2 protein chains.
Amino acid sequence: MDTTLFDDFLELVRELNFSRAAENRKMTQPAFSRRIKQLEAAIQTPLIQRTTRQVTLTAAGRAFQPRAEAIVRMLSEARLEALEAAGLAQRTLNLAATHALSYTFVPKWLMQVGGPSQIGALNMVSDTHRQGVRLLQNGEVSFFICHKKPNIAEDLPEKQFRFHPIGSDRLVPLCAPDESGRPLWRLGSAASQIPFIAYSSASGLHAILEAHGIGDGRRGIETKMNSVLASTNLEMAKEGQGVAFLPLSLAEQEMARGTLVRAGDPSLDVPVQLVIYRPRSRLSAHCEAFWLKVVSQDT
Amino acid sequence: MDTTLFDDFLELVRELNFSRAAENRKMTQPAFSRRIKQLEAAIQTPLIQRTTRQVTLTAAGRAFQPRAEAIVRMLSEARLEALEAAGLAQRTLNLAATHALSYTFVPKWLMQVGGPSQIGALNMVSDTHRQGVRLLQNGEVSFFICHKKPNIAEDLPEKQFRFHPIGSDRLVPLCAPDESGRPLWRLGSAASQIPFIAYSSASGLHAILEAHGIGDGRRGIETKMNSVLASTNLEMAKEGQGVAFLPLSLAEQEMARGTLVRAGDPSLDVPVQLVIYRPRSRLSAHCEAFWLKVVSQDT
DNA sequence: CTGAATTCATGCGCGTTCTGCATGAATTAT
DNA sequence: ATAATTCATGCAGAACGCGCATGAATTCAG
């Protein structure tokens, strides 16, 4: 049985669509279809319910999914472990961070934890929240730094991953000022439609704002555009396109400069945690050393 | 990458010999050799030190081994989990026991734990200690029942497996009686060579006796034959071939009948625990229910 | 010191398996 | 009713892996 069958399966679980999954796995759809069949043959039970228009997991598939994720991660870790032992020890720390944090917060924070000299080579990948989750699950990175709203449903199963708070942030409604320095719009004012600059759904901030009741459907608010990149939204807001909820960490310079001003009073702010995730399973010595530094840090 | 490459690797680790490992894996040696190379290519570092006459693990190989074991077990568990969820739930309890225990002790004990009606179908495989360890490691069985001498080095890593005591036994030196009912030989008597019926090295009892100082090299004792099967040794002893250390659980009927008698006083007995091993990782609901019964049992 | 034996690696031919392309079947949307 | 989407199947070419035969290196015996 080919180990990449697990990757195929997990991709299919994400997409619930053979054609798209096949494309993501860089295969033709027939080949992909047969590979899923092959996996099912190996497991000796169907994992997928195929009804032409609706692809769903069977009970067996649902049971199998978390195991498959664990196996994929374990495969990756086993390889890294061996490489490290071989001395080819890429002393590289692989970590993912969401776009919003990788620009400003993460670099600063890494210096606090201990300069790069102590960390060794750093391989940081900046991507969406969704991708970061995936990278961590696949074992392609050892850590993932992102925003987290307390008590929101987790994307990462508690049983396999743990997190540690490393800071806090606020999502602040901001927009460009008019000539007199006052906000172009003001949330809560019963005025006309307010153009809203949102996050697209792959973004973690999207989920957080949704959970906070600040989503598309809100009255008096019209989503004007959305982007995965908080910094793109920041630029749009600066140009007077509308109101955006932006992380304070990202926007505080602009606020100080006066190029962005509050479009609502602080009671509307959304407090969020900044956290770092890791797998519960044992990582390489190098990564564990880093984690020790992280948790001994007082934030 | 083929998952059976892990099985190949682990077999090679056990044998440290390509030819024998290839045979065990039912392949020709060249094919096996290439498969190990393929694995090393996938991991991207050599795992094996080949010096024609001496096969050893590299540092990477040593680091890789426990991971490989975990992966193999997890693969097996993932499949069983899916099957159970599919309702094909072979409500079968897969357990291994050493030959010595599977005849007499295990059946009795299972009835104590709760009759087969409560356990469901039972699939017990009786084999050597070494094989039992392997079956458990590979996830082919969920439990393994064997003898255990307290404080002896474990074959099963504490980190991945736990055990629970389920009884105790003694290894008693026994032989056939002469016409007057007295033992043909007597350990400790400074008489001539005593023929000894030993266990071959695949047996767990072999290791226990070795650890107790009752091995080949002992003065006044000449190993006459050895077998993996305690019951074979029992038969040999009954036929007057020599002295054997036999589990009380196996031999007590013969002792009561007088067909076997002590060849040494009780101070020579070797006390052993009877234990059941299980993986620390979560098993199927069915197996966990069984485990609960096991640990709640007072022995 | 020499020849036999053991053990792992390599070359070659063959069969199996997998992929991509083209196409079919089933369902949904317009 | 027709078009579009989506998964399954038939077929041909390519790639991969196995067994067999053989080679190279080391060990052991006399």
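First the proteins, then the strands, lettered A, B, ... as listed; each starts at 1. Since this is a predicted model, take the numbers as computed values, not measurements.
Taking 4.5 Å as the limit, some side-chain heavy atom of A/Met1 sits within range of a side-chain heavy atom of A/Phe6. With a 4.5 Å cut-off on side-chain heavy atoms, A/Leu12 and A/Phe32 count as touching.
The A/Ala31 side chain lies nearest to C/dT19 when the options are D/dT6, D/dA21, C/dT19. In this structure, the nucleotide among D/dT6, C/dC21, C/dA9 sitting nearest to the side chain of A/Thr28 is C/dC21. The side chain of A/Met27 lies closest to C/dG20 when the candidates are C/dC8, C/dG20, D/dT9.
A donor-acceptor contact shorter than 3.5 Å links the side chain of B/Ser284 to the backbone of B/Cys287. For the pair A/Glu69 (side chain) and A/Gln137 (backbone), a donor-acceptor distance under 3.5 Å is absent.
Taking the six-membered ring wherever Trp is involved, the centroid distance between the rings of A/Phe144 and A/Phe161 does not fall below 6.0 Å.
At the phosphate of D/dT9, OP1 or OP2 sits under 4.0 Å from a side-chain N or O atom of A/Lys37. Using a 4.0 Å cut-off, some side-chain N or O of B/Arg35 falls inside it from OP1 or OP2 of D/dC18. At least one side-chain nitrogen or oxygen of A/Ser19 sits closer than 4.0 Å to the OP1 or OP2 atom of D/dC7. For the OP1/OP2 pair of C/dT6 and a distance below 4.0 Å, the side-chain nitrogens and oxygens of B/Asn17 include no atom meeting the criterion. Between B/Gln38 and the phosphate of D/dG17, there is a side-chain N or O to OP1/OP2 separation shorter than 4.0 Å.
Nucleotide D/dT5 holds its P atom 17 Å from the CD atom of A/Glu15, rounded to whole Å. Atom-to-atom, CZ of B/Arg50 to P of D/dA24 comes out at 19 Å; the value is rounded to the nearest Å. As rounded to whole Å, 13 Å separates atom C1' of D/dT5 from atom CD of A/Gln54. Note: CZ (B/Arg25) to P (D/dG19) measures 12 Å, nearest angstrom. Between the CZ atom of B/Arg20 and the C1' atom of C/dT7 there is a distance of 11 Å, rounded to whole Å. Put simply, CZ on A/Phe18 is 16 Å from C1' on C/dT27, counting in whole angstrom units. We find that CD1 of B/Ile36 is positioned 14 Å from P of C/dT10, with the value rounded to whole Å. Between B/Gln29 atom CD and D/dG17 atom P the separation is 17 Å, expressed in whole Å.
Between the side chain of B/Arg34 and the base of C/dG11 there is at least one donor-acceptor pair of N/O atoms closer than 3.5 Å.
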